[in-house]
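Note that the structure is predicted; figures quoted are calculated from it, not measured. Only this structure's heavy atoms are used, side chains among them; waters, hydrogens and symmetry mates stay out. Lettering follows sequence order; numbering is per chain, from 1.
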Number of protein chains: 2
Amino acid sequence: MQTMTDLIHAPTPAEDPGIQATDRLARAGLRPTRQRVALAKLLFDGRDRHVTAEQLHGQASTADMRVSLATVYNTLHQFTEAGLLREVVVEAGRSYFDTNVSDHHHFFVEGSGHLLDIPGHALEVSGLPEAPAGTRVARVDVIIRLSAGG
Amino acid sequence: MQTMTDLIHAPTPAEDPGIQATDRLARAGLRPTRQRVALAKLLFDGRDRHVTAEQLHGQASTADMRVSLATVYNTLHQFTEAGLLREVVVEAGRSYFDTNVSDHHHFFVEGSGHLLDIPGHALEVSGLPEAPAGTRVARVDVIIRLSAGG
DNA sequence: TTTAAATCTGGATTCATTCCAAATTTCATG
DNA sequence: CATGAAATTTGGAATGAATCCAGATTTAAA
């Protein structure tokens with residue numbers, strides 16, 4: 001149970017974003033290693049993010065967090081398995097990881113390679129066919145491909 | 001001009017499916033080279049096919065058609081640009097090419113890597129959001145991801 | 001502490017795809 | 001049917017994302 005003392009002394013996210021990250025890992029059953037905490041802090045900053053492994057590795061380097069590329073890959077996959085991230089495939093040869101794991105779809109800007117969440121729940125798919133025998137629907141992805149030029 | 005003699009001697013599609021293939025290439029403005037005709041015959045056999053470059057190259061080899069892998073890649077891209085094929089991306093690191101270029105969507109069986117056209121036009125997407133400023137919708141892809149197990 | 005298990009790491013490796021420059025083929029023209 | 005310029009094909013090298021690996025380090029339970 002949460003006590004008044006907890007409320008007073010518990011650092012707020014603004015004071016120590018590491019708390020959120022560590023907590024998130026704990027709930028997902030992942031050991032809070034230095035690398036995982038660092039990457040979680042970068043990823044779960046409140047915004048909805050869509051990153052590739054290379055991009056995240058670059059951001060970590062810039063922020064002076066020493067993490068190998070192999071670990072970035074491992075971590076992204078572990079986070080995905082734990083339900084903390086969602087993998088989005090829109091381009092051959094490149095995987096994006098989305099910090100928004102709620103039910104939603106995407107815009108993909110061809111050329112720039114930008115991926116955007118489609119806001120709201122207006123978009124709906126109707127008339128879904130039955131899954132072929134021996135299979136079940138794991139997920140329905142809608143990708144609206146955009147090209148430059150109004 | 002076509003003469004009676006031509007008509008008598010011209011092989012029908014059943015006799016020589018190369019005719020269809022050559023014709024298709026001509027309409028797309030592509031020179032009917034030996035390799036392109038061979039690949040077109042394999043691809044446009046009446047069925048809806050979903051092939052990777054490696055698969056098509058393998059099929060060509062089996063059929064004793066000598067075509068390099070580089071040419072298979074070139075050809076698949078040229079056919080796609082010409083509107084004869086449609087590229088479908090569902091897995092990072094692998095591109096499928098679909099001989100069905102009409103407006104339709106896909107089932108993707110994770111694990112087996114099988115891609116299936118969704119039959120009919122029952123499936124519809126409603127509530128499409130506006131394209132962000134400076135962009136236009138190039139295509140809307142719906143992918144129903146399936147996993148084994150009813 | 002101690003220690004087994006989990007994790008991290010650099011570097012090698014894999015795999016799909018693209019690039020390249022030389023060789024071949026196509027096809028319009030003579 | 002010859003000729004030549006342009007298009008195409010090709011094997012092999014190069015690229016780039018992602019994975020694998022075995023040794024070094026870190027974690028956390030006892």
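- Looking at residues two or more places apart in sequence or on another chain, you find no side-chain hydrogen bond (donor to acceptor under 3.5 Å, both in side chains) involving R34(A).
- In this entry the distance linking CG of L25(B) with C1' of dT8(D) reads 13 Å, nearest Å.
- Clustering ILVMFWY residues whenever any of their side-chain heavy atoms sit less than 4.5 angstrom apart, transitively, puts I144(B) in a cluster other than the one holding L115(B).
- Among all heavy-atom pairs drawn from A92(A) and V89(B), the shortest one is N-CG1, 3.5 Å.
- If you check residues 53-72 of chain A against DNA chain C, the residues with a heavy atom closer than 4.0 Å are R66(A), V67(A), S68(A), A70(A), T71(A), listed by number.
- Residues E87(A) and S95(A) bring a donor and an acceptor atom of their side chains to less than 3.5 Å of each other.
- Rounded to an integer number of Å, the gap from CG of L39(B) to C1' of dT9(D) is 12 Å.
- Two residues are said to be in side-chain contact when any heavy atoms from C-beta on lie closer than 4.5 Å; L123(B) and S126(A) fail this criterion.
- For the pair R145(A) (side chain) and V90(A) (backbone), a donor-acceptor distance under 3.5 Å is present.
- Side chains of H50(A) and D117(A): a donor on one and an acceptor on the other come within 3.5 Å.
- Among residues at least two apart or in separate chains, side-chain hydrogen bond (donor to acceptor under 3.5 Å, both in side chains) pairs with a member in residues 52-66 of chain B are R49(B)-Q59(B).
- In this structure, F97(B) has its ring center closer than 6.0 angstrom to the ring center of H77(B).
- Defined by atom type and a distance below 3.5 Å, a donor-acceptor pair is present between the side-chain atoms of H104(B) and D98(B).
- Going from atom CG of L76(A) over to atom P of dA18(D) covers 10 Å, rounded to whole Å.
- Considering all non-hydrogen atoms of both residues, V37(A) and A21(A) come closest at O-CB, 4.0 Å.
- In this structure, L30(B) CG and L25(B) CG are separated by 6.0 Å, a value rounded to the nearest 0.5 Å.
- Contact annotation: Q35(B) reaches the phosphate of dT10(D) (side-chain N/O to OP1 or OP2, under 4.0 Å).
- In terms of phosphate contacts, Y73(A) brings a side-chain nitrogen or oxygen within less than 4.0 Å of OP1 or OP2 of dA18(D).
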Query raised in the report: How does protein contact run along nucleotides 25-30 of chain D, one letter per nucleotide 5' to 3', with B for base contact, S for sugar-phosphate only, - for none, heavy atoms under 4.0 Å?
Result: --BS--
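- dC20(C) atom C1' lies 12 Å from atom CG of N74(B), rounded to whole Å.
- Of the residues in residues 91-99 of chain A, not one places a heavy atom less than 4.0 Å from an atom of DNA chain C.
- Between F79(A) atom CZ and dT7(C) atom P the separation is 12 Å, expressed in whole Å.
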All N/O pairs under 3.5 Å across the protein-nucleotides 21-24 of chain C interface:
none

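- Using a 4.0 Å cut-off, some side-chain N or O of H77(A) falls inside it from OP1 or OP2 of dT19(D).
- What separates CD of Q78(B) from P of dT18(C) is a distance of 12 Å, to the nearest Å.
- Under a 4.0 Å N-O distance rule, the pair D103(A)/R86(A) does not qualify as a salt bridge.
- Taking the charged nitrogens against the carboxylate oxygens, R27(A) and D23(A) do have a contact shorter than 4.0 Å, which makes a salt bridge.
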